[in-house]
Amino acid sequence: MPSLPVPEGLSRDGVALRRLRARDAGAFAQAFREDPELGIVIGAEEDPTENGVRRFIARQPGLRARGEFLGLAVTDETKRPFLGHVMLHTLAWRHKRAEVGYWLVPAARGHGVGGKAVSLLVDWAFEQLELERIEITTTPDNGAARALATSLGFVEEGVMIGRNLERGRRVDVMLLARLRK
Ligand SMILES: CC(C)(COP(=O)(O)OP(=O)(O)OC[C@H]1O[C@@H](n2cnc3c(N)ncnc32)[C@H](O)[C@@H]1OP(=O)(O)O)[C@@H](O)C(=O)NCCC(=O)NCCS
């Protein structure tokens with residue numbers, strides 16, 4: 001199983017991706033306090049604490065080395081602020097397939113940052129990891145997540161009924177996918 005490198009120099013129109021740093025933990029956890037829906041829409045079992053985020057960030061090198069997970073901070077051209085998190089996860093190397101996840105801190109939403117950040121990660125993953133299929137899952141009522149995905153060429157393939165058990169309730173999940181061009 002290949003390891004996952006940290007992409008270098010990914011930026012477009014004032015939006016950049018960089019590795020997560022321990023000092024992102026405060027802003028990362030604060031996003032879940034500012035938007036109590038965030039943990040629910042991303043399917044987290046509970047909202048993360050700042051210490052929990054710090055531990056999560058410390059685990060990143062091991063997860064990358066095992067080829068399991070790549071989490072990156074969304075930032076601007078200064079590379080300083082933490083504006084959100086984009087992830088490559090659920091890698092199935094044999095099938096050249098992975099899933100992308102994304103969320104922004106509330107103040108960064110609605111300005112095109114999400115679309116640029118996700119397209120940077122998707123384009124890099126197709127080119128550098130030679131993936132052939134990238135998937136996105138979301139709940140059918142998440143208009144922003146669906147619009148972002150379809151604006152990047154992801155196709156809505158269908159809804160899996162009651163697929164997940166999240167915070168004690170069964171949740172329908174929409175699957176979107178894009179194939180390598
Ligand atoms: C989903 C999210 C990352 C989108 O980021 P964003 O920067 O606000 O999105 P963008 O401004 O790049 O917009 C991308 C597309 O979505 C559309 N859009 C944005 N917000 C929308 C909304 N609330 N409803 C419908 N469409 C929306 C935009 O018009 C744009 O479409 P276009 O390219 O055809 O014009 C952000 O809203 C977020 O963090 N939401 C909470 C977490 C979440 O739901 N994550 C996904 C879980 S699966």
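Quick caveat, the model's predicted, so the values are computed rather than measured. Counting convention: from 1, in listed order, for ligands and their atoms alike.
Within the 4.0 Å heavy-atom criterion, the part of L38 lying near ligand 1 is the side chain and not the backbone. If you look at H111 next to ligand 1, the close heavy atoms, those under 4.0 Å, all belong to the backbone. Of the heavy atoms in A144, both backbone and side-chain atoms come closer than 4.0 Å to ligand 1.
For the pair H85 and L20, the minimum side-chain heavy-atom distance is below 4.5 Å. Residues R19 and E8 have side chains in contact (heavy-atom distance under 4.5 Å, counting atoms from C-beta outward). Proximity of T75 to S11: side-chain heavy atoms (C-beta onward) are nowhere separated by under 4.5 Å.
Atoms of ligand 1 lying under 4.0 Å from at least one heavy atom of G143, given by number and element, are 24 (N), 25 (C), 26 (N). If you number the atoms of ligand 1 from 1 as listed, the ones under 4.0 Å from a heavy atom of N142 come out as 43 (C), 44 (O), 46 (C), 47 (C). Ligand 1 places these atoms under 4.0 Å from at least one heavy atom of T137: 48 (S). Below 4.0 Å from some heavy atom of G115 lie the following atoms of ligand 1, by number and element: 12 (O).
Closest non-hydrogen pair, A16 versus L120, comes out as CA-CD1, 4.5 Å.
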* To do: Using the side chain to side chain contact (heavy atoms under 4.5 Å, CB included) rule, take R12 and D123 through it: C-alpha gap first, then chi angles, then the decisive distance, then the call.
  => CA-CA 12 Å; R12 181 178 299 162; D123 291 351; 3.3 Å; yes
* Worked check of side chain to side chain contact (heavy atoms under 4.5 Å, CB included) between D35 and W103 -> CA-CA 11 Å; D35 176 6; W103 60 263; over 6 Å; no
* To do: I would like to know whether L175 and M160 meet side chain to side chain contact (heavy atoms under 4.5 Å, CB included); could you show each step before the answer?
  => CA-CA 7 Å; L175 175 66; M160 298 173 273; 3.8 Å; yes
* Report the C-alpha separation of L104 and H111 in whole Å, then their side-chain angles, then the decisive distance to 0.1 Å, and conclude whether the side chain to side chain contact (heavy atoms under 4.5 Å, CB included) test is met. => CA-CA 11 Å; L104 298 180; H111 308 292; over 6 Å; no
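Ranking protein heavy atoms by distance to atom 17 (C) of ligand 1, first place goes to A147 CB, 3.4 Å. Given atom 33 (O) of ligand 1, the protein heavy atom at minimum distance is S151 CB, 3.4 Å. Of the protein's non-hydrogen atoms, L148 CD1, 4.3 Å is the one closest to atom 2 (C) of ligand 1. From the protein, the heavy atom lying nearest to atom 11 (O) of ligand 1 is G112 N, 2.7 Å. For atom 7 (O) of ligand 1, the closest heavy atom belonging to the protein is G114 N, 2.8 Å. The nearest protein atom to atom 45 (N) of ligand 1, hydrogens excluded, is given as Y102 O, 2.8 Å; this is a heavy-atom distance. Atom 39 (O) of ligand 1 has as its closest protein heavy atom L104 N, 2.8 Å. Scanning the protein for heavy atoms near atom 40 (N) of ligand 1, the closest one is R109 NE, 3.8 Å.
Residue L70 is not grouped with residue F28 when hydrophobic side chains (ILVMFWY) are merged at heavy-atom distances under 4.5 angstrom, including chains of intermediate members.
Not a single heavy atom of T150 sits less than 4.0 Å from an atom of ligand 1.
For atom 22 (C) of ligand 1, a protein non-hydrogen atom is found at a distance below 4.0 Å. Of the protein's heavy atoms, none falls inside 4.0 Å of atom 13 (O) of ligand 1. For atom 35 (O) of ligand 1, the protein comes within 4.0 Å by no heavy atom at all. Counting only heavy atoms, the protein never gets under 4.0 Å from atom 29 (O) of ligand 1.
Around the CD atom of E45, the shell of radius 6.0 Å holds more than 12 heavy atoms that belong to other residues, nucleotides or ligands.
Using a 3.5 Å distance cut-off with no hydrogens or angles, the side chains of T150 and E156 do not pair a donor with an acceptor. A donor-acceptor contact closer than 3.5 angstrom is absent between the side chains of N51 and T49.
In this structure, D76 does not pair ionically with K116, as no charged nitrogen and carboxylate oxygen lie closer than 4.0 Å.
Distances between N or O atoms of I42 and those of ligand 1 include no value under 3.5 Å.
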